[in-house]
Amino acid sequence: MGIENLSEDLLMEILWRLPVKSLLQFKSVCKNWYALIQNPDFIYLHHDRAASIAVAGNTDCLLVKRFLNGGEGGVALSFVPNETPVEDIFTGLDIKHLQILGPCNGIVCLTRYGSSSPIVLCNPSMKEFRVLPLPSYKNDHMCNLGFGFDPYANDYKVVRFGMMSTDLSIRGVDEAIEMYDLSTDSWRGVDTVSPVVSGIDCFYDSHASWNGDFFWYPYQKHGGPVIMAFRMINEVFEEMPLPEVCLLDQHSEKKLFVLDDSLAIVIYPKWWSNPSVFPPEEFLLEKSFDIWVMNEEGLEVSWTKKFSIGPFQGLDWALGFRHNGEFLVESGYGQMISYNLNT
């Protein structure tokens, strides 16, 4: 039986086991193969298998954003494998203040602050971009984005919205909510209630994609900060409580990540209270990172402190976690450091 006689199901069973470099070549075989490899079901299966291999064999890569020539050469998106040199996927990107939302099943959303900024979906493994069409609303307050995956609709979604404000000093904020669907490559209105904030919005401080949904911290409201979630299936916003320590200590840095398929928040002291001093005096102090993991999701959300790392000198920002559980941090001098949580 020739390969042209293989059923689509059998062909998918073969192709989704292949490495990305092979798939990039096989996309040129014929239109049917190209369509199959581009199919969201295939992308999900391939990413899911790659993630399983990464957990078992410590072969996953890290996607990082870095500046070229001190920022004058634009921005590069790069893969950082465990043992091989850095591989630049895209270089010289003309997107200042680039934000990376996700990843979600291996797909990320790229954007920057401002209503006229381009919004781009990117598959780093396949080295592909899709520039989204312009949204309907051009209000600068419509700059908050969330990115996720709806398993029921089998579709990637981007939500874009403004926020209602309880601060009378802030002029009217557009409350419209828009949703982009990858399947239709178009925007549509969403009939749900927009979040209400006290003061200016700060959604871009920390965010994470988890179980297809999107989460922001801090979300400021009267009574203190909470986590805000957008549910991609129901297309509604939800508030979630924080660990009590976050409410008691509002001066520490707090970052959302995903650890072992659970939503996690990392709490650590802030640096650079005096940016005019380099290196800052605080840089010489010892610093610890507390990692809290959410036990349940829903009405009875609870948190457990799973790790306390440190104290160490010279560490600055928490960057995230690999599939194998390694915790990645940045030093005050721009180095990336990996900490093995198991050893």
- Gap separating the CH2 atom of W317 from the NZ atom of K255, nearest 0.5 angstrom: 5.0 Å
- Task: Report yes if the side chains of K254 and L242 come closer than 4.5 Å at any heavy-atom pair, otherwise no.
- Result: no
- Message: A side-chain contact here means heavy atoms from C-beta on lying under 4.5 Å apart; do I119 and L110 qualify?
- Response: no
- Query: Hey, mind stepping through I107 and F149 against side-chain contact (heavy atoms from CB on, under 4.5 Å) and telling me if it holds?
  - Reply: CA-CA 10 Å; I107 309 297; F149 180 75; over 6 Å; no
- Query: At what distance, to the nearest 0.5 angstrom, does CG of D155 lie from CG of D181?
  - Reply: 5.0 Å
- Item | Lys/Arg N to Asp/Glu carboxylate O, R188 vs E235, below 4.0 Å | yes
- Task: Evaluate ring pair (Phe, Tyr, Trp, His ring centres under 6.0 Å) for F161 paired with F237, printing each intermediate quantity in order.
- Result: CA-CA 11 Å; F161 58 98; F237 292 96; 4.9 Å; yes
- Note on the structure: Closest non-hydrogen atoms of D316 and K287, given as atom of the first, atom of the second and distance, are O-NZ, 2.6 Å
- Pairwise side-chain contact, I337 with F312, heavy-atom cut-off 4.5 Å (strictly under): no
- Nearest heavy-atom pair of W187 and V158: which atoms, and what distance? CZ3-O, 3.8 Å
- State, to 0.1 Å, how close C104 and Y156 come at their nearest heavy-atom pair, and which atoms those are. O-CE2, 3.6 Å
- Side-chain heavy-atom pair R130, L182 within 4.5 angstrom cut-off: yes
- Message: Please determine whether side-chain contact (heavy atoms from CB on, under 4.5 Å) holds for the pair L341 and I291, giving the CA-CA distance in whole Å, both sets of side-chain angles, and the decisive distance to 0.1 Å.
- Response: CA-CA 11 Å; L341 295 174; I291 302 173; 4.2 Å; yes
- Task: Give the C-alpha distance, both sets of side-chain angles, the deciding distance and a yes or no for side-chain contact (heavy atoms from CB on, under 4.5 Å) between E238 and M228.
- Result: CA-CA 6 Å; E238 289 184 10; M228 176 60 66; 5.6 Å; no
- Query: Say you draw a straight line from CG of L319 to OG of S338; how long is it, rounded to the nearest 0.5 Å?
  - Reply: 10.5 Å
- Atom of L259, atom of A264 and distance for their closest heavy-atom approach: CB-CB, 4.1 Å
- Query: What are the two closest non-hydrogen atoms of K157 and D150, and how far apart are they?
  - Reply: NZ-OD2, 2.8 Å
- Task: Measure the spacing between OG of S206 and CZ of F257 and express it to the nearest 0.5 Å.
- Result: 6.0 Å
- Message: Does D261, at its CG atom, have more than 12 non-hydrogen atoms belonging to other residues, nucleotides or ligands within less than 6.0 Å?
- Response: no
- Item | Donor-acceptor side-chain pairing of D185 and Y180 below 3.5 angstrom | yes
- Item | CE on M232 to CE on M179, rounded to 0.5 Å | 5.5 Å
- Task: Could you tell me if the ring centre of F147 sits under 6.0 Å from that of F214?
- Result: no
- Query: Would you find a donor on one side and an acceptor on the other, under 3.5 Å apart, between the side chain of W303 and the backbone of P241?
  - Reply: yes
- Query: When you look at CG of D191, are more than 12 heavy atoms from neighbouring residues, nucleotides or ligands closer to it than 6.0 Å?
  - Reply: no
- Message: Please determine whether side-chain contact (heavy atoms from CB on, under 4.5 Å) holds for the pair L256 and W210, giving the CA-CA distance in whole Å, both sets of side-chain angles, and the decisive distance to 0.1 Å.
- Response: CA-CA 10 Å; L256 286 179; W210 180 58; over 6 Å; no
- With R231, which of T192, D213, N211 fulfils side-chain hydrogen bond (donor to acceptor under 3.5 Å, both in side chains)? D213
- So, do F307 and F327 have ring centers that fall under 6.0 Å from each other? no
- Distance (rounded to the nearest 0.5 Å) between I233 CD1 and F230 CZ: 11.5 Å
- Exercise: identify the closest heavy-atom pair between S209 and V258: O-CG2, 3.3 Å
